[in-house]
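Working notes, structure below.
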Amino acid sequence: MIKSAIFEPNILNMSPKSILLLVTISLFGLMASAQYTEKINTNRPGTSQGAFSVGNNVLQLEGGIGFGKEKHAIFDTKTNVFNFDYSVRYGLLIEQLEIRLNGRFRADGVTQTVGANEQKINRSDFEINTIGAKYLIYDPYKRPKKIDSTYASLKSWKEHHRFKWKTLIPAVSAYAGVNFIGSDNPFTFPEDQSISPKFVVVTQNNWFTSYGGDWAFVTNIIIDKVTTENPAFGLIMTATHTINDTWAGFLEYQVQKSDFYSDNIMRIGGAYLFDKDLQFDANLAFNFKDTPSIFTCSFGASYRFDWHTKDEIIEKPGLEGGVKEGDEEEEDIEGEDGIEGEFDEFDENETDSLKLEKTPFINDFEDDSFREGMERDLDERRTEERLERERIEQEKIDKKDGKKFKKEEARRLKREAKEARAAEKAALKAEKDKEKMIQDIDAELDKMEQDKGVDQELEDLDQQLKELEKMEQELNIEEEKPKDTPKEKEEKKEEEIDVDAEYEQYQKEQDKTKKAEEKRRKKEEKKRLKEEKKRKKEEEKRNSQEKKENNLDEDIDKELEKFEL
């Protein structure tokens, strides 16, 4: 958090000189700078990295997706491109140090026209994967030189609006990292090593204006893969302008040079600050050649997890501990003595009360009641700030609880939907089991009916046998009667012979019928088995033919790939 020793006195009780001095100091106080900022400090939407870190104990995630097209005039190719770039930044141990993991995944489809045919090749891999650390070597905004605080300089419009050459001195950082790439990567030089170093020198200028927003200019000088056979060198220049508290625009120019690929790329876009920890952005990228020509549209976001607890007081020119002893200058202006003194920093106590010493530059104009009034005002302001921080923290907690409730509700709905699907599947399975049971019962009834037909035949035979027995009994009764004449005996004997012959003839016909039925059944079974074997043979022949055709297509594809390579 940036602090300043500026307070809110009662302007009505102050002299014109004091008012002028207070306004000037307030304007300089608005320009205070530090590594950690109240609002998110992100490298997006450009590809350059700023000189300042995210701040100690701050984790920041940055990422985006891009869609684009590339056309190569010589190779006659058209490429549809999809990019996903990401960055993880963390402020480690001190304000000036930051560790960073960044990379980009690319997937594209290359369409090449060869004669009257079009060939399409799909590729996907990580273009870059780098882990490294950045350290702020020099910060011109932390300990600037003292400005002239005399009354003559403070009331001069020219002094306030003239160009200050020292603002051209930038903040300087150094970055060192290691690249990791996989084997057979289609987006890198074939002879590149899997591990190679990367070095970046970063400079950043911040220009603060009281109107029209602020400006930042960032330069990256890149030396990459110096230990490989294909070293790469690059330069990125990014200018960013804050339009208001939530919107900002940027313009970026990138130059990269290597034996594998060289290009000049221009990017333009903007960013929207949703809240102090979340930013959305978008940009367009294009180049100025046709081998290949590039046009890409990207969208992204940045979010930080702010665990920063220690606040720093970093003052701007003229406020770094006030005017030091031995440097005071006395000047007579319109018969009045020059203003001299120093501004003391104040510390935060555990309570809201902030006790101020008498400020030297208005000692001649204030009394105890005035100072007590200022202290009360400061107490009230500090209490309001504390309550506002507590309100914001409570809102964060409520928002987190709301997200947790929504997540649990989504899980509950998902679980209920899963149970409903399981119940539906169980009902369908039960229905299928019921249908199968009904089919089995029908089959069993059919079998019983068939068995019933055989039983009927057996019952008919039994009935015929009973009739024959009855006839025999009648014959036996007749034999017991008085003996017949020889002629009658002969006739009865012929009748018995005829009955036995008919029964034997009937038995023979039944056996013949059963044998014919069994023979017919065996013949049909043999015919069915023959047709089944024939069908299986035809199916195996057809599968073998399809397999041969597939192998032939694969051989043709391999030959085409060799031809393209």
Side-chain angles (χ1 to χ4, degrees), residues 2 28 31-37 39-58 60 62 87 89-102 130-147 163-179 197-209 214-226 231-242 248 250-257 267 302 308 312-320:
I2 304 170
F28 283 124
M31 297 164 58
S33 173
Q35 288 285 286
Y36 172 78
T37 56
K39 298 177 182 178
I40 186 172
N41 173 24
T42 174
N43 292 329
R44 294 191 60 86
T47 57
S48 63
Q49 52 177 310
F52 298 99
S53 72
V54 293
N56 184 27
N57 205 25
V58 173
Q60 190 160 302
E62 304 173 8
S87 178
R89 304 168 61 191
Y90 182 72
L92 184 65
L93 299 178
I94 58 177
E95 291 289 328
Q96 294 86 350
L97 182 61
E98 171 186 303
I99 58 174
R100 182 175 181 230
L101 169 67
N102 67 289
T130 307
I131 185 171
K134 178 177 66 178
Y135 181 76
L136 180 66
I137 299 173
Y138 174 69
D139 183 4
Y141 307 105
K142 190 169 184 178
R143 296 186 180 276
K145 294 181 179 179
K146 185 187 69 174
I147 65 169
F163 181 77
K164 297 177 179 59
W165 291 97
K166 64 183 179 181
T167 60
L168 295 178
I169 302 174
V172 181
S173 290
Y175 172 85
V178 180
N179 299 312
K198 180 177 182 179
F199 305 99
V200 183
V201 177
V202 183
T203 67
Q204 180 171 340
N205 294 87
N206 295 333
W207 292 291
F208 304 93
T209 61
D214 299 334
W215 290 83
F217 182 72
V218 176
T219 302
N220 289 182
I221 301 173
I222 304 169
I223 303 174
D224 197 7
K225 301 179 182 179
V226 290
F233 305 93
L235 172 66
I236 305 176
M237 296 179 290
T238 307
T240 306
H241 175 55
T242 57
F250 92 104
L251 181 66
E252 182 177 273
Y253 183 69
Q254 179 180 2
V255 179
Q256 54 189 72
K257 177 68 176 177
R267 295 182 181 87
S302 303
H308 186 86
E312 289 193 357
I313 301 174
I314 301 178
E315 298 173 334
K316 297 308 287 180
L319 297 179
E320 62 282 7

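Rounding to the nearest 0.5 Å gives a distance of 12.5 Å between CZ of F52 and CG of N43. Between atom CG of residue L101 and atom CZ of residue R89 there is a gap of 12.5 Å, rounded to the nearest 0.5 Å. Interatomic distance, OG1 of T242 versus CH2 of W215, reported as 9.0 Å (0.5 Å rounding). Atom OG1 of residue T240 and atom CD of residue Q204 lie 8.5 Å apart, to the nearest 0.5 angstrom. Considering CG of N41 and CD of Q60, their distance stands at 6.5 Å, rounded to 0.5 Å. For the atom pair CZ of F233 and CD1 of I221, the computed distance is 12.5 Å after rounding to the nearest 0.5 Å.
Residues forming a side-chain contact (heavy atoms from CB on, under 4.5 Å) with Y253 (at least two apart in sequence, or on another chain): M237, V255, N264, M266, F288. Applying the salt bridge (charged side-chain N to carboxylate O under 4.0 Å, His left out) criterion to R267, with sequence neighbours excluded, gives E252. A search for salt bridge (charged side-chain N to carboxylate O under 4.0 Å, His left out) contacts involving K198 returns nothing, not counting sequence neighbours. Shown here are the side chain to side chain donor-acceptor pair (under 3.5 Å) partners of N57, two or more places apart in sequence or in another chain: Y90. Contacts of N205 classified as side chain to side chain donor-acceptor pair (under 3.5 Å), with partners at least two apart in sequence or in another chain: none.
Sorted by first and then second residue, the salt bridge (Lys or Arg N to Asp or Glu O under 4.0 Å) pairs with a member in residues 40-49 read R44-D85, R44-D281; sequence neighbours excluded.
In plain terms, the two heavy atoms of A171 and P140 that are nearest each other are CA-CD, 3.5 Å. Nearest heavy atom pair, residue V172 against residue L136, reads O-CD1, 3.5 Å. Nearest heavy atom pair, residue S48 against residue V218, reads OG-CG1, 4.1 Å. The minimum heavy-atom distance between V202 and A51, with the atom names listed, is CG1-N, 3.5 Å.
Panel note: side chain N56, backbone H308; no donor-acceptor pair is recorded below 3.5 Å. In this structure, S53 contributes its side chain and E95 its backbone to a donor-acceptor pair below 3.5 Å. Without hydrogens or angle criteria, E98 side chain to V54 main chain gives a donor-acceptor distance under 3.5 Å. Checking side-chain atoms of H241 against main-chain N and O of D214 turns up a donor-acceptor pair under 3.5 Å. Listed for the S87 side chain is no donor-acceptor partner under 3.5 Å among the backbone atoms of N102.
Just one of V178, N179, D224 meets the side chain to side chain contact (heavy atoms under 4.5 Å, CB included) condition when paired with T130; it is N179.
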